[in-house]
Protein chains: 2
Amino acid sequence: MRIGELAKRAGTTTRTLRYYESRGLLTVARDAHGHRTFGEDDLRVLRQIRTLRENGFELEETRPFVECLRAGHPAGDSCPDSLEVYRRKLAELDACMAELRSVRDEVAGRLARAEVEAAAGSPHGPEPRCELSPPGPSPDTPQGRQGAEGP
Amino acid sequence: MRIGELAKRAGTTTRTLRYYESRGLLTVARDAHGHRTFGEDDLRVLRQIRTLRENGFELEETRPFVECLRAGHPAGDSCPDSLEVYRRKLAELDACMAELRSVRDEVAGRLARAEVEAAAGSPHGPEPRCELSPPGPSPDTPQGRQGAEGP
DNA sequence: TGTTGCGTTGACGTCAGCGTCAACCCATAG
DNA sequence: CTATGGGTTGACGCTGACGTCAACGCAACA
């Protein structure tokens, strides 16, 4: 199997595969023409990586799973290092959710107070300029899974 | 007040202030030497920006608050545009938390299953020996089992 | 007179994970 | 012969919010 077919089968692109190779996540053999050749095991590795990436794992965090598979284990998470990544990720997710909750409460509080002020000041205060623009082309791209973090 | 003092008072750096100016968030006067000069109102604007940034607002999202302050309002969130940003942010936070929760459950499930497998296999001592195809033209890889793949 | 310390502008570096050319090679089909 | 459709490498772009120089000007202090 060559890189185009593998990319299609894994639902990704050739650019991505070459990038993974450059990161050392894929070890690639070449044929007589210098073309990369892959086997079914590479597809498994790739699927493992994609699954993790879709769950918000960074590329580097997939390395233990890849090495676990390459060591001949039936699944990428059959090894202690992979489990450790799972646990770290869980803790990370919990921390992130806690922070998001606190920020959410903070923002909700500010909004509530500001709305009260606005209601109190509205009859006499500054006139509301423009109401919010109608729900036009605002493509809400759900990309951020752990985005609202600082340093 | 010059840029160094303002940066210190706002707990940030001169680079940051110049960056904000380049984004049009700070309108800056110059003295005879070409040095930027700031007043207390600039400090207020800056504090508003920093507070929002610390709560995960993007720089561009702080613009309505800045303009609100510059329009002479007592607080940055005294204007409808600012409130709308608050509301959008709340929705965004809620969506993000929901996604994090689902990912968290997914990962927790995988960890639990993998730990069960590990506990079952550990007493017997799993021997991973078979390796995947190393660099070389042999795409034929006899592999006995397949691991559990998620949805 | 030098040194320190503040200011200025401009430009490149950083982090992740690729997308998007460009310029080329190679094989097969019409 | 050429068009098409693979493959190869290399290099730049993109997103955000700055950090980190470089090379300079200007003022005060000893």
Side-chain angles (χ1 to χ4, degrees), chain A residues 1-26 28-38 42 45-46 48-63 65-66 85 89 92 96 139-151, chain B residues 1-26 28-38 42 45-46 48-63 65-66 85 89 92 96 135 137 139:
Chain A
M1 178 173 22
R2 291 190 298 177
I3 195 171
E5 186 186 346
L6 179 60
K8 207 163 287 176
R9 283 228 268 162
T12 180
T13 70
T14 62
R15 177 70 185 91
T16 296
L17 300 195
R18 279 190 273 260
Y19 179 66
Y20 288 176
E21 183 195 4
S22 81
R23 303 281 94 190
L25 287 169
L26 289 174
V28 188
R30 305 297 183 112
D31 66 11
H33 300 299
H35 291 188
R36 294 168 177 85
T37 56
F38 301 91
D42 295 310
V45 165
L46 208 43
Q48 173 74 79
I49 296 177
R50 299 311 293 177
T51 300
L52 291 171
R53 290 283 300 119
E54 281 160 19
N55 280 340
F57 287 68
E58 290 171 16
L59 201 49
E60 206 45 49
E61 293 178 312
T62 71
R63 197 176 293 275
F65 296 79
V66 169
V85 172
K89 202 66 183 179
E92 200 177 299
C96 189
D140 236 340
T141 313
Q143 63 202 343
R145 41 198 64 77
Q146 33 185 354
E149 243 311 290
Chain B
M1 171 171 29
R2 290 189 299 177
I3 194 170
E5 186 184 347
L6 180 60
K8 207 163 290 176
R9 283 228 269 163
T12 180
T13 69
T14 62
R15 177 70 184 94
T16 295
L17 300 194
R18 280 190 273 261
Y19 178 67
Y20 288 175
E21 184 195 5
S22 81
R23 303 282 95 188
L25 287 170
L26 254 44
V28 188
R30 304 295 184 113
D31 66 10
H33 300 300
H35 291 188
R36 293 167 177 85
T37 55
F38 301 90
D42 294 310
V45 164
L46 207 43
Q48 173 74 79
I49 296 176
R50 299 310 294 178
T51 300
L52 291 172
R53 290 283 300 119
E54 281 161 17
N55 279 340
F57 287 69
E58 291 172 15
L59 199 49
E60 205 45 50
E61 292 178 314
T62 71
R63 196 176 294 274
F65 296 81
V66 169
V85 172
K89 203 65 182 182
E92 201 178 299
C96 189

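Chain letters run A, B, ... following the sequence lines, proteins first, then strands; residues in each count from 1.
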Quick test: give all pairs of protein nitrogen or oxygen and nucleotides 19-21 of chain D nitrogen or oxygen below 3.5 Å, distance rounded to 0.1 Å.
residue : atom : partner : partner atom : Å
D:dG19  : OP2  : B:T13   : OG1          : 2.9
D:dG19  : N7   : B:R15   : NE           : 3.3
D:dG19  : O6   : B:R15   : NH2          : 3.2
D:dT20  : O4   : B:R15   : NE           : 3.1

Exercise for review: With the side chain of A:T14 defined as its heavy atoms from C-beta on, choose the nearest nucleotide among D:dG7, D:dC18, D:dT9.
Suggested key: D:dG7
Review point. Looking only at atom types and distance, does a side-chain atom of B:R2 sit under 3.5 Å from a main-chain N or O of B:L6, one as donor and one as acceptor?
Key: no
Review point. Between B:D31 (side chain) and B:H33 (backbone), is there a donor-acceptor pair under 3.5 Å?
Key: yes
Counting only side-chain N and O atoms of [X], is one of them less than 4.0 Å from OP1 or OP2 of [N]?
| X | N | result |
| --- | --- | --- |
| B:R53 | D:dC18 | yes |
| A:R50 | C:dC18 | yes |
| A:Y20 | C:dC18 | yes |

Starting at [atom1] of [X] and ending at [atom2] of [N], how long is that distance when rounded to a whole Å?
| X | N | atom1 | atom2 | answer |
| --- | --- | --- | --- | --- |
| B:K8 | C:dG5 | NZ | C1' | 11 Å |
| A:H35 | D:dG5 | NE2 | P | 17 Å |
| A:L17 | D:dT8 | CG | C1' | 14 Å |
| A:I49 | C:dC18 | CD1 | P | 10 Å |
| A:R18 | C:dT20 | CZ | C1' | 12 Å |
| A:Y19 | D:dC14 | OH | C1' | 14 Å |
| A:R23 | C:dC15 | CZ | P | 11 Å |
| B:R30 | D:dC26 | CZ | P | 15 Å |

Practice item. With heavy atoms under 4.0 Å as the rule, sort B:R36 into base, sugar-phosphate or nothing. Key: sugar-phosphate
Check your understanding: Does any non-hydrogen side-chain atom of A:L26 lie less than 4.5 Å from one of A:V66?
Key -> no
Exercise for review: For residues B:L17 and B:A7, report the shortest heavy-atom separation together with the two atoms involved.
Suggested key: CD1-N, 3.7 Å
Review point. Should the pair B:E60-B:R63 be classified as a salt bridge under the 4.0 Å nitrogen-to-oxygen rule?
Key: yes
**Study point:** Charged N-O contact under 4.0 Å between B:E5 and B:K8
**Key:** no
Check your understanding: Can B:T14 and B:R18 be counted as having a side-chain donor-acceptor contact under 3.5 angstrom?
Key -> yes
Practice item. By nearest nucleotide on DNA chain D, pick out whichever of B:E60 and B:H33 is the more 5' one. Key: B:E60
